[in-house]
Amino acid sequence: MSNGLIDFVLVSVALLAIGIYGLAVKRNAIRMLFAIEMIVNSANLNLVAFARFIPNSQGQTLALFSIAIAAAEVAVGLALIIVAYRMYKNIDIADFRSLKG
Amino acid sequence: MSTAGGIIRALNSGVKHLAVKRFTLRYPEQKLKFVGDGFQFDPQTGVGIAGLKGRHILFHDKCTGCQLCSVACEGIAEAIGMVKVKETWKHNKKAIMPQIDYGKCVFCGLCVDACPFYALYMTNDYELSSFTKSALIYTPSQLAVKPNISQDVEIKIGKRGATHG
Amino acid sequence: MATQLPPGIELEKVDDRIMTLNVGPQHPGSGHMRLIIKVDGDYIVSCDPDPGYVHRGEEKMAEYRNYIQNIPHLERPVIHDSCNILYPYCLAVEDLLGIEVPERAKYIRVIGSELNRCTYILYWLAIYGIFLGHSTMFMWPVGDRELFIDLLEAMSGARVTHAYFVPGGVRNDLPANFEERCLRQVDYFEKRLKEYEDIFYQNPVLKQRTEGTGILSRMDAIRLGTTGSVLRASGVDFDVRKKEPYDVYDNLDFETQVLREGDSYARSRVPYLEMFESCRIIKDALKKMPKSGSVRTKLKPNPKGGNDEVYRRVESGRGSLGYHIISNNRPEPYRVKISVGSFRNLICIPYLLKGEKLGNMPAVYWSLNYWPVEADR
Amino acid sequence: MVDSIFLAVSVLTIGSAIAALEIRSLIYGSIALMLTLSGIAGFFLLLDSPFVAMFQLSVYVGAIAVLILFTVMLVRRELIFNKIEDPRRRYAGIGLMIIVMLGIGTIIIGSGLKTMETSVTTVDYRKIGEDFLTYYSPALIVMALILTSSVIGALALARREDVTNEQRTD
Amino acid sequence: MIDFASTPIILTMLLGAVGVILPIISIIRKERGSSLYAGIAFGALIAAISFVAYQILSKHIMPAAIFSKNVLVDDTFGAFFAIAMLIVSIMTTVGSFNYMRGKSNPAVYYSLILLASIGMVLIAYSTDLVMLFVAWELMSIPTYVLAGFMKKDPSSNEAAIKYFLFGALSSGIIIYGISIAYGLTGSTNIGDVISGFSKLGPDMMPLALLAVGMFIAGFGFKIGLVPFHMWLPDTYEGSPTTIAALLAAGTKKAGFAAALRVIIMGTIALNIDWAFALGIIAIITMTVGNLAAIMQKNLTRMLAYSSIGHAGYILIGLSIAPFSQIGIQASLFHILNHAVMKAAAFIAAAGIITTLAVSHIDKIRCLGKRMPITSLGLTISLLALAGVPPLNGFWSKLMLFGSAINAGSVMPWAPYLAVAGVLNSALSLAYYGWIIRKMYFEEGESDKRVKEPKSIIAVMIFSIIFIVGIGVYPDPIIEFAKSAVPNLSALSTIH
Amino acid sequence: MSTIAPEFRLSRFIASLTDIIFWILLIFSIIGLPLVFILLFYIKLPVVNGQLLTPYLAMTWMADPSRTIPIIKSLIHTEFFRIIAFPGFGFAALLAAATIFVERKFLAKIQLRVGPLYCGKIEGILQLMADGLKLMSKEIIIPAKADKPIFWVAPLLFVGTAAALTSLIPVAPGWVAANPNVGLLTVFATIGFFPIITVLSSWSANSKWTFIGGIRALHQMISFEIPLILSLLGIVILTGTLNLTEIVESQQHYWWIVFMPIGAIVFFITIIAELERIPFDLPEAESEIVAGWLTEFSGMMYGLIQLGTYLKLYAFAGLFTVLFLGGWNGPMVWPPFPQEIITNGITIGPITAHIPGLPLFDQEMLNGTLWFVIKTVGVILVILLPRGVFPRIRIDMLLHTGWYTLIGLAFVNIFIALGLLYAGVLGHGGLMQ
């Protein structure tokens, strides 16, 4: 394999940065969820890359945990978004204005 | 457990029918046999004679041009029109005979009931398709032709199911 | 700018959960009609049947034709039950014109009517099978229907539109060795019918699917004015053949099939059980029939009815079917009113489908024994 | 060969990640997110970890993407076009992205990661299973509880109580 | 392999089994009422806390350990947090008796409280980053649902969505930090990570700092440190008030447990001067929280800002930790105290909201006559929060500020932390006193006594006894906190 | 005369033929021949075995088996051949085509019909080709407000995913297009793509019927994926591997269906549901929702979906064979290749042809393929049988079956597997080593 570890880590950093950009700019709840998924995935990519280069299996194990947890998180988040949609007929969190602060 | 039993019974019934003979009539090769030569009518007794209500046959030597068939059809399908024929008959002074439009005919056979002179019967011919609508109009001379048909298949009931054959 | 609505008209409240489905007229599960179904998820919120796509004005057309010419027209609404829809017409016209029917003709009419009832029920059952996704139950009844169609064709000369019953009897006598052939085929058919039990009526999947769906209680069935198999499946023992016997039905040996559940399964099973009774009637009638004799009373040409009105009804495949004919001294009837079972069962559709699952729609709809063309006339 | 595949996969991943956030239609955004996740799975394959790659595909594409699509389809069609956001916030976001990218990037490039050796031995997936059942077994139990809580929580949230299934009149 | 008879595993099994069984019971029995489920959950929590107490009293558990070869360690540090978290859970459960009556899905509600409390307990016990992360998520995911549990209420839903987005972001950042820490050291065990960190070369040091920074950011979201606090008031105000008690008193303290396990040890291993930065954050956090709290008109929102301020107080102890053993001890003591005080305050607010349906401060005039026991409990807890002498808040604040002054010998800037803390306490007394004045000294529309919910009364009585009791006789708890403090000086000898 | 069927005249037909031939000859001699000569002038013809490779020589070689068979043999062992032809797409498509024919005749037999009869003289064996031609020549209609890119791509993706699934099935020892180490997990990952494609295509058509059908398909696939995975865990526990080839090799003595009949039944029901076949064909319930998610597809797009469906059918039946019925294992019934042909060559009259490189396939491979095909076709027939026997079930019955009955049975199966393992019946020292 001719790619070094640093290539994968740089890709992961790029994904992390894109995720942070999305969280900072977007106000659509589903898009923000996308951005969070990207951050989690960049961490997973990091973990598996390190696990390949160290090498041991703990990184892969942690990546598996992280993937499963992300699934659980997304399920709860989407349920919240659906409830919000039923109430507001909208999923833009900038339009959620019942709490002032 | 009754559910599983029912499912097994249903599957068994399906599999059992793999051995039953096929019932399908393979139509263009096989043709069904009918009773008699077609629907006929006896005006004396007022009762018809059983048979298929297929394409008509017109006996030119008996038709008097009385238009009763056309009148009978008027309220039903308006398929029968009276046309001039070239041939001359003693009993048909006006020289008109029925011409039938099979694009309109519903094959009810009431024209046969109306004919008092045994001139109009129905035959076993039912394959009347054509490419054009005008070809479906049968002139008196076409109606006079006796159809040549071979129909020989019947339903046969055997041990392994009924078949056409 | 919102346009001003006329007073009294309100726009429907928009709820994005409710989806309106137009089942029909170009839908494989509708027949010649439209069901406007509103669904919430998989549940039907409301169902609005919209018949009338095949209205032909048969009743009006009958006012311009004499009593004989009406025969091919009046059998059109239900061409696969054409003997039964002509039967009350013939009875009514016989009453109007005062015609006596020969004994043998009465038996022949009963045989024809029962044979035709079987073809109708088989056709209905085939469609019920394919509505439930059971393709074998489409093919088998359609194949077995051929037996009866052949018998009817031998009797009357036509496979579907028989135009066989006329006021005063039937149009022609039975062909030679018809009895033997009929007995043979009916016996075979009874054997075939028993095969339906295993694959269809006792099939646990079908039972789970149709049992308990679209329950019509006994009181509701009476209150809504349903008739035929729908009524009998709800536990009401009503059959015109028993209650007001016409022709020779009071001589024949048969029973009325009644089930108490009132669900789709019972409604689909009552016609099936009735086919056994029909076979029984046919065999009994063939035995009791006079072997020879006249089959048609000769009429005057263009008979005129008196100043009179008559109502006669028979039990058709879809329930009681009646003709109300008024005449006023003319060869044509003054008014013909057909009262059909389909139209009376149609009222159940919105009642039964509300709150039902969308998957139950075909099962409930077609179990109501509804034929759109007959309902529209 | 590996380099070109790596390049292609990273272009796909990062491009579709940007598309997932920036494309106007939310459905296409979800599809782009699916591509991103599949690209990550491709990286895992490049890293000789097929087990994690397939797990990623089955969980993310088989479950999460379906959930997201389902949600996007449940919210109405008119709403899948999001509003154009405030340009100032947008520039601030781009600035933040560049800062994060350059900051962490310089740290990483300056660090000793690039001298990390490539090892030929790969980890068998059986080792992962062994890990799960020995060292991480309490975490596995807790994981089960997490999934349970998310399922019952999501069900309790998403179930509608104002619509009852017993709408029958009789 | 972990010993399956250790305290955390038994707690997990007990609470987890009950938490999973509750929804199943609700499916089978189809019971709509909530008291059955609340009773079961209460029993399970009481069993759990008595088990932990038995373990502590019979001295079956080892003193506070820094790391172990397993993912979980059964030590006094964990037990201390377990006691605190379970007390909060019990108070929430009892307080919800009345709150949940007539609401939908009671079984799910109590089951999620149980599951979340497992998560909070396990965070304190875990010595492995994977375990820590998984327990963190077990704490977070049920609370996302609980925050949005009132489905008909738009504010509850909005609170939950904000909480969810920031919580998911924080867990994403934490896992990124974990990935870097794992990449640098090749292990996920905290002990191995720390010793690995201490052996890093200078070229890897920025990456290790990045990892620690990500941990601080990730945990800081949950704790409510100032740059990461913006979701907190909204969430505490919008979510069901009993759940706000759980969030403020429970998950926040669990965040401190994780921070103590990870950040401090990690930063000690890195041997860097991070304390000053934490001190700055502490001052900003407490000032921002208290200043914002003054301006609030809503009771729960005010309590939310006050809890931000208290996060600042606790952070004082953390920032001076490497030089003063007593700092962490004080932090632990304040964590326990604040958990009870804040939970009591929030549950009192919940009682007011459920019975009178008001949360605006102007509407609670004359509450002292209308709901005497609730307002007494609220008053006591508010005074304790402000640090009025005979109550427990006084002792822990005293220890915190005292340790800060003490540390002045090593760090010259440390006494300023104490000064800021005292000033802030004085500031906070202003708005706490304002509420007390509204309740007792102003004329309201009516002074007719309303029936107070029994469950709220029970919680109030418990918290009054706890606050006053510890205020009068704080020694055993201080001793317990002392035994729960890990020996950090042993840690600094690693390298 | 009528314009619909113009009269056929032989003279006109022959005239038109000669016309075409004349023009072809003219164009070829004026343009084509000079081009060929110019090309031959510039191309350097290779010299093989001392002979100049003229086109004539190349054509004689093509008829010489001693030269062509080694080339064919080397082609057979390339990856390309494996993916395209033998264990991969071509083989699967052939079996799928045979399946369609068998299904129609089989169903017709149950229903006392005849089935396809006229096309191809013998019992309508070419009916499928006729249908394919019809579909290809039909117009592809796209709804006006459809989301066109997704609508176009969805059928292709469907076929592609189904083909990817078929490429994972080992057919004979060593004969598999792709043999990943985590084969079973790859199967799950691939199956996970189907719901997305379905729901996307149903959404993109912008029709209520497709949307309801797509949502139904989604429910069905998602809720049956769980018992599908759970029912196979027993095998994974007992074999300790995820590799499909190793799973087949572990069944040399006993098939897993002997030990885990419950798992086999659960897996069988789930594959019927995943394939959307009767009684689980709710997504295409024509009496309720027209044609479900296929409503708006027409022409060759519909054909592609059908192709994908039957490829999927083959893949699942093959999976069942591989996992539960021992794959290619079976007694050796294929006759060995006669040794004389290899050593002495074939004698046809006066000529003896020596053919190196024979046999093309070894005996084990042919025998394995034979057993695999027999078992797979058997499984396919059993999958087809319910179509003639059962009505369609309702969505709540389907979900109840999936979530309660099948998942419960799958857990029972897992416990049976664990029990077998701990009781020592299987594993070390047991029936199988």
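Lettering follows sequence order; numbering is per chain, from 1.
The closest side-chain heavy-atom distance from D:Tyr135 to A:Thr61 is not below 4.5 Å.
Your options are D:Ile98, D:Leu147, D:Ile68, and the one with the most heavy-atom pairs under 4.5 Å with chain A is D:Ile68. For the set D:Gly29, D:Ala32, D:Gly105, the count of heavy-atom pairs under 4.5 angstrom toward chain A peaks at D:Gly29. Between chain A and the residues D:Leu155, D:Leu140, D:Ile99, the largest count of heavy-atom pairs under 4.5 Å involves D:Leu140. If you tally non-hydrogen atom pairs under 4.5 Å between each of D:Ile104, D:Val59, D:Asp131, D:Val151 and chain A, the highest count goes to D:Asp131. Interface remark: of the candidates A:Ile82, A:Ile18, A:Leu33, A:Ile18 forms the most heavy-atom pairs closer than 4.5 Å to chain D.
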Can you list the steps and then say if D:Lys127 with A:Gln58 is a side-chain contact (heavy atoms from CB on, under 4.5 Å)?
CA-CA 9 Å; D:Lys127 183 78 179 58; A:Gln58 292 187 354; over 6 Å; no
Determine, stepwise, if the pair D:Leu96 / A:Tyr21 fulfils side-chain contact (heavy atoms from CB on, under 4.5 Å).
CA-CA 7 Å; D:Leu96 188 65; A:Tyr21 159 78; over 6 Å; no
Given the rule in the side-chain contact (heavy atoms from CB on, under 4.5 Å) test, do D:Leu46 and A:Arg52 qualify, once you have shown the distances and angles that lead to the verdict?
CA-CA 10 Å; D:Leu46 284 181; A:Arg52 172 71 183 81; over 6 Å; no
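Residues forming a ring pair (Phe, Tyr, Trp, His ring centres under 6.0 Å) with D:Phe43 (at least two apart in sequence, or on another chain): A:Phe8, D:Phe6. Applying the side-chain hydrogen bond (donor to acceptor under 3.5 Å, both in side chains) criterion to D:Tyr28, with sequence neighbours excluded, gives F:Asp147.
Residue contact with chain D, scored on non-hydrogen atoms closer than 4.5 Å, is absent for A:Glu73. Contacts between A:Asn44 and chain D at a heavy-atom distance below 4.5 Å involve backbone atoms as well as side-chain atoms. Looking at A:Leu45, both its backbone and its side chain come within 4.5 Å of chain D, counting heavy atoms on both sides. Heavy atoms closer than 4.5 Å to chain D are found in both the backbone and the side chain of A:Val48. Both the backbone and the side chain of A:Leu80 come within less than 4.5 Å of a heavy atom in chain D. Interface residue A:Leu15: only side-chain heavy atoms are found under 4.5 Å from chain D. If you measure heavy-atom distances from D:Ile94 to chain A, the contacts under 4.5 Å come from both the backbone and the side chain. Heavy-atom distances place no part of D:Ser149 under 4.5 Å from chain A, backbone and side chain included. Heavy atoms closer than 4.5 Å to chain D are found in both the backbone and the side chain of A:Ile67. Proximity to chain A involves both the backbone and the side chain of D:Met101, based on heavy atoms less than 4.5 angstrom apart.
Rounded to the nearest 0.5 angstrom, D:Phe44 CZ and A:Gln60 CD are separated by 9.0 Å. Interatomic distance, CG of D:Leu67 versus CG of A:Leu78, reported as 5.5 Å (0.5 Å rounding). The structure places CG of A:Leu16 at 11.5 Å from CE of D:Met97, a figure rounded to the nearest 0.5 Å. Atom-to-atom distance recorded for D:Ile40:CD1 and A:Ser12:OG is 8.0 Å, nearest 0.5 angstrom. To the nearest 0.5 Å, atoms CE (A:Met32) and CG (D:Leu21) are separated by 11.0 Å. Between atom CD1 of residue A:Ile81 and atom OG1 of residue D:Thr71 there is a gap of 7.0 Å, rounded to the nearest 0.5 Å.
The shortest heavy-atom contact between D:Leu37 and A:Asn41 is CD2-ND2, 3.0 Å. Between A:Ala79 and D:Ala158, the closest heavy-atom pair is CB-CB, 4.3 Å. Closest of all the heavy-atom pairs between A:Ala71 and D:Ile64 is CA-CD1, 3.5 Å. Contact between A:Val25 and D:Gly93 at its shortest, heavy atoms only, is CG2-CA, 3.6 Å. Summarising the geometry of D:Arg89 relative to A:Ala24, their closest heavy-atom pair is CD-O, 3.2 Å, with the distance given to 0.1 Å.
For D:Tyr60 and A:Glu37, the side-chain atoms include at least one donor-acceptor pair closer than 3.5 Å.
Judged by distance alone, the side chain of A:Arg31 and the main-chain N or O of D:Ala20 form a donor-acceptor pair under 3.5 Å.
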